[in-house]
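One structure, as structure tokens, below. Some questions next.
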Amino acid sequence: MWARVTSSAWAMRKGPSFPACFIYSHRVRFFQSGKGINAQLKLTNSHSNDMLTKHLTHDDVDDADRNDVFPSIQNLQPSAEGKLLKVTWSVSVGEGPFSNTTSSNSSSTSSRVVGTFTSEYSSTWLRHNCQCPSCWEPSSGQRTVLAADLVVDNAITNVSFSEVDAAIQVASASGHVIITDQDFLLHHTIFADEAHGDAQRNGIIPIESSLSASPQEGFFFDYSSIIQSKNNGDYLGVGSEERYQWLRSLGEHGFAIVKNVPSGDANAVVNLANSISQPQPTIYGQTFDVEAREDPINIAYTNVHLSLHQDIAYYESAPGLQFLHAYKFDACVEGGASLLLDLFQAATVLRCQHPSHFETLRKYPLRLQKVHYSRDMPVHMVRMKPVITTDNEGNIVDVTWAPPFEGTFPIEKYSALEVDEFYSAYTVFSNIINEAVDTMANSSGKRDTKGQDGLAISSSSAVPSLSCDLITYRLSEGDVLTFNNRRMLHGRTSFLLNGGKRHLKGVYVNIDEFASALNYECISHNEQPPTHLGNGQINIL
């Protein structure tokens with residue numbers, strides 16, 4: 001259960017269009033620990049996720065489901081000869097949600113102080129993040145302070161704090177008065193005993209929960225409800241509850257199925273994309289059609305089995321979301337079921353079972369390419385990148401798997417032993433991915449769950465952490481399969497037309513524009529956004 005940590009001063013100064021906690025929201029998660037309960041501050045920038053546990057432990061925090069936990073500034077003073085601002089925080093607990101228009105410093109007869117903690121902030125960092133009108137353009141939200149304006153040895157000379165609106169003024173030796181506030185400092189909390197190079201990192205953030213544990217009705221959404229116009233807005237779908245739930249499913253599970261597209265609507269998939277952003281154009285155009293044809297320029301334009309892969313992995317910024325609308329899918333067509341597998345889950349299994357192979361696939365680059373001259377617009381694209389990319393804390397932030405678009409491994413750059421090391425890891429990872437497909441084909445999975453409208457989730461192991469979930473779903477005419485191309489592998493079973501048609505209309509959406517839409521909706525609903533979107537970093541606010 002999440003309880004909100006909030007202060008509304010920032011929101012009140014920003015104006016009515018930004019609800020309290022809109023930008024700088026904080027949550028406290030309560031969990032049982034022996035006889036007491038630890039209040040764990042989870043900051044939206046995630047670096048202090050488990051630090052507060054050791055700084056703040058109290059046995060009297062009860063009935064956590066109804067409590068709001070709110071830190072407020074108790075004292076500010078310069079330290080380290082003015083190079084640091086030292087802040088002492090008082091943490092209180094009160095019953096019921098606090099009003100968005102009530103300052104966190106307001107007294108309440110139902111609240112009580114449960115502890116304190118101290119944080120420190122660099123004077124140079126404060127100067128660089130000054131929020132005064134000359135340093136930060138309020139309408140665009142862009143910083144105007146220049147690197148040339150920074151003085152590293154900029155001592156703090158005086159500090160003042162307003163309990164009315166939680167505003168902070170920091171006078172410095174450079175002569176500039178730095179403006180900031182309580183919420184901003186809280187969002188970027190660094191605990192004092194960890195501010196000198198010993199900061200504990202958050203560590204690896206786990207992938208969102210397995211699909212088999214999720215109610216399958218949560219994977220299906222209604223087309224019209226998603227794209228309905230907001231009464232007071234110009235953008236399709238913004239503000240729609242169905243749109244929020246759809247985006248969240250895409251963020252948490254990597255896929256969702258949109259149903260009830262109007263029959264014969266050739267623009268439906270574009271309209272759905274436009275509820276997030278304009279479609280992302282590629283060498284296949286702004287949209288593309290997937291149907292069996294002679295002399296195909298892509299293996300997808302046949303009726304053969306498609307192994308699991310990502311699309312257009314040879315782009316510097318590969319497409320983020322992919323939408324496939326079953327524009328025509330006759331009942332007489334045999335086969336042609338869509339397959340999906342979470343590539344981040346597969347990489348996690350590799351890390352757990354074969355850590356040395358995981359490190360190998362982080363180290364050596366693959367050659368990804370699209371070299372095709374026999375087409376209206378000849379293409380020659382080549383990109384070198386590792387299969388797995390992690391951030392500085394070890395979180396998986398990018399995984400690439402597109403065997404149809406792989407070129408030659410550059411053996412001229414490596415010894416024969418290194419080449420063998422790569423291929424050993426490569427084949428083990430391939431086996432992890434394909435094992436789920438083989439299990440589905442053999443119908444002998446340890447877990448096999450049939451769900452709504454024929455959606456099936458199967459796994460090769462009874463232990464979720466050691467297996468990959470394979471999603472199988474045969475589209476019906478009027479369905480749109482939506483999935484995260486950066487996170488989910490996709491494929492399909494072979495099919496026979498039997499005189500019918502199988503015609504999918506496709507479109508891509510940029511990954512960052514998807515993340516932007518998802519984050520906005522999550523913040524608007526006062527919910528933490530999903531963390532693993534495949535956009536090269538852990539999703540942050």
Side-chain angles (χ1 to χ4, degrees), residues 204 207 254 298-300 304-316 318-319 339-372 381-391 394-442 459-461 463 465-471 483-492 532 534-536:
I204 297 172
I207 309 296
N298 188 297
I299 194 174
V304 303
H305 171 84
L306 286 184
S307 60
L308 293 169
H309 66 283
Q310 291 166 303
D311 274 9
I312 314 189
Y314 40 83
Y315 269 44
E316 185 276 333
L339 308 175
L340 295 170
L341 184 139
D342 190 336
L343 190 54
F344 278 44
Q345 188 184 37
T348 301
V349 172
L350 179 70
R351 171 181 252 168
C352 293
Q353 295 184 343
H354 307 280
S356 62
H357 289 331
F358 180 90
E359 292 303 317
T360 295
L361 294 185
R362 288 179 62 234
K363 181 167 56 173
Y364 297 113
L366 267 178
R367 179 186 174 100
L368 299 159
Q369 64 182 43
K370 177 68 174 178
V371 180
H372 189 189
M381 295 186 182
V382 178
R383 180 154 301 279
M384 302 294 292
K385 64 181 299 187
V387 174
I388 298 170
T389 303
T390 60
D391 63 13
N395 292 298
I396 299 169
V397 294
D398 186 70
V399 189
T400 301
W401 190 256
F405 306 109
E406 290 175 9
T408 305
F409 184 78
I411 61 172
E412 66 276 9
K413 296 184 177 181
Y414 303 100
S415 69
L417 289 177
E418 289 175 317
V419 173
D420 286 346
E421 179 187 0
F422 169 78
Y423 278 111
S424 294
Y426 180 88
T427 54
V428 167
F429 192 43
S430 175
N431 290 339
I432 289 173
I433 292 169
N434 293 321
E435 187 177 13
V437 180
D438 294 340
T439 297
M440 181 271 296
N442 296 329
S459 174
S460 57
S461 172
V463 182
S465 62
L466 300 180
S467 67
C468 298
D469 293 324
L470 180 75
I471 301 104
F483 61 92
N484 185 342
N485 182 59
R486 296 288 193 91
R487 175 171 167 178
M488 305 296 286
L489 298 179
H490 70 285
R492 70 153 188 252
H532 293 77
N535 58 340

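This one's a predicted model, so the numbers in the text were calculated from it and none came from an experiment.
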### Task
Would you please name every residue forming a side-chain hydrogen bond (donor to acceptor under 3.5 Å, both in side chains) with H309, sequence neighbours left out?
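Partners of H309 by the side-chain hydrogen bond (donor to acceptor under 3.5 Å, both in side chains) criterion, ordered by chain and then number, come out as D311, H490.
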
### Task
Output every pair passing salt bridge (Lys or Arg N to Asp or Glu O under 4.0 Å) with a member in residues 357-366, not counting sequence neighbours, ordered by first then second residue.
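Sorted result for residues 357-366: E359-R362, K363-E421.
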
### Message
I need the minimum non-hydrogen distance between V428 and H354, along with the two atoms involved.
### Response
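The pair with the smallest heavy-atom distance is CG1-CD2, 3.5 Å.
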
#### Entry: Gap separating the CZ atom of F409 from the CE atom of M384, nearest 0.5 angstrom
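F409 atom CZ to M384 atom CE measures 7.5 Å (nearest 0.5 Å).
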
### Query
What are the two closest non-hydrogen atoms of A346 and C468, and how far apart are they?
CA-SG, 3.4 Å

### Query
Are the side chains of N484 and H532 in touch, meaning some heavy atoms are under 4.5 Å apart?
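Of all side-chain heavy-atom pairs linking H532 with N484, none is under 4.5 Å.
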
### Task
Evaluate the criterion side chain to side chain contact (heavy atoms under 4.5 Å, CB included) for residue pair T389 and T400; output intermediate values, then yes/no.
CA-CA 9 Å; T389 303; T400 301; over 6 Å; no

### Query
Quick one: CH2 on W401 to CG on L343, what's the gap to the nearest 0.5 Å?
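Answer for the CH2-CG pair, W401 versus L343, is 9.0 Å.
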
### Query
Which residues pass the side chain to side chain contact (heavy atoms under 4.5 Å, CB included) test with Q369, sequence neighbours left out?
R367, V371, V382

### Query
Do L470 and V437 pass the side chain to side chain contact (heavy atoms under 4.5 Å, CB included) test, and can you show the C-alpha distance, the side-chain angles, and the key distance before you say yes or no?
CA-CA 7 Å; L470 180 75; V437 180; 4.2 Å; yes

### Task
Taking all non-hydrogen atoms of both residues into account, name the closest pair between A313 and A402 and its distance.
CB-CB, 3.8 Å

### Query
When rounded to the nearest 0.5 angstrom, what distance separates CZ in F429 from OH in Y426?
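Separation between the atoms: 10.5 Å.
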
### Summary
Rounded to the nearest 0.5 angstrom, the CG-CZ distance for L368 and F405 is 10.0 Å

## Note on the structure
Heavy-atom nearest pair, F344 first then I396, reads CE2-O, 3.5 Å

### Query
Nearest heavy-atom pair of P403 and L308: which atoms, and what distance?
CD-O, 4.2 Å

### Query
Tell me, which pairs form a salt bridge (Lys or Arg N to Asp or Glu O under 4.0 Å) where one or both residues lie in residues 411-420, sequence neighbours left out?
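Applying salt bridge (Lys or Arg N to Asp or Glu O under 4.0 Å) to every pair that reaches into residues 411-420, excluding sequence neighbours, yields nothing.
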
### Partner set under side-chain hydrogen bond (donor to acceptor under 3.5 Å, both in side chains) for S430, not counting sequence neighbours
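Listed in chain order: N434.
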
### Contacts of type ring pair (Phe, Tyr, Trp, His ring centres under 6.0 Å), residue Y315, not counting sequence neighbours
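Once residues adjacent in sequence are excluded, Y315 has no partner under the ring pair (Phe, Tyr, Trp, His ring centres under 6.0 Å) criterion.
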
### Query
Do any pairs count as a salt bridge (Lys or Arg N to Asp or Glu O under 4.0 Å) and have a residue in residues 394-407, sequence neighbours left out, and if so which ones?
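For residues 394-407: K385-D398.
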
### A436 to L341 - nearest heavy-atom pair and separation
CB-CD1, 3.7 Å

## Note on the structure
Residues at least two apart in sequence or cross-chain that pass ring pair (Phe, Tyr, Trp, His ring centres under 6.0 Å) with Y364, listed by chain then number, are Y414

### Task
First locate atom CZ of F483, then atom CE of M488, and finally report the distance between them rounded to the nearest 0.5 Å.
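So the CZ of F483 and the CE of M488 are separated by 8.5 Å.
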
### Query
Quick one: OG1 on T348 to CD1 on I432, what's the gap to the nearest 0.5 Å?
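If we round to the nearest 0.5 Å, T348:OG1 and I432:CD1 are 10.0 Å apart.
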
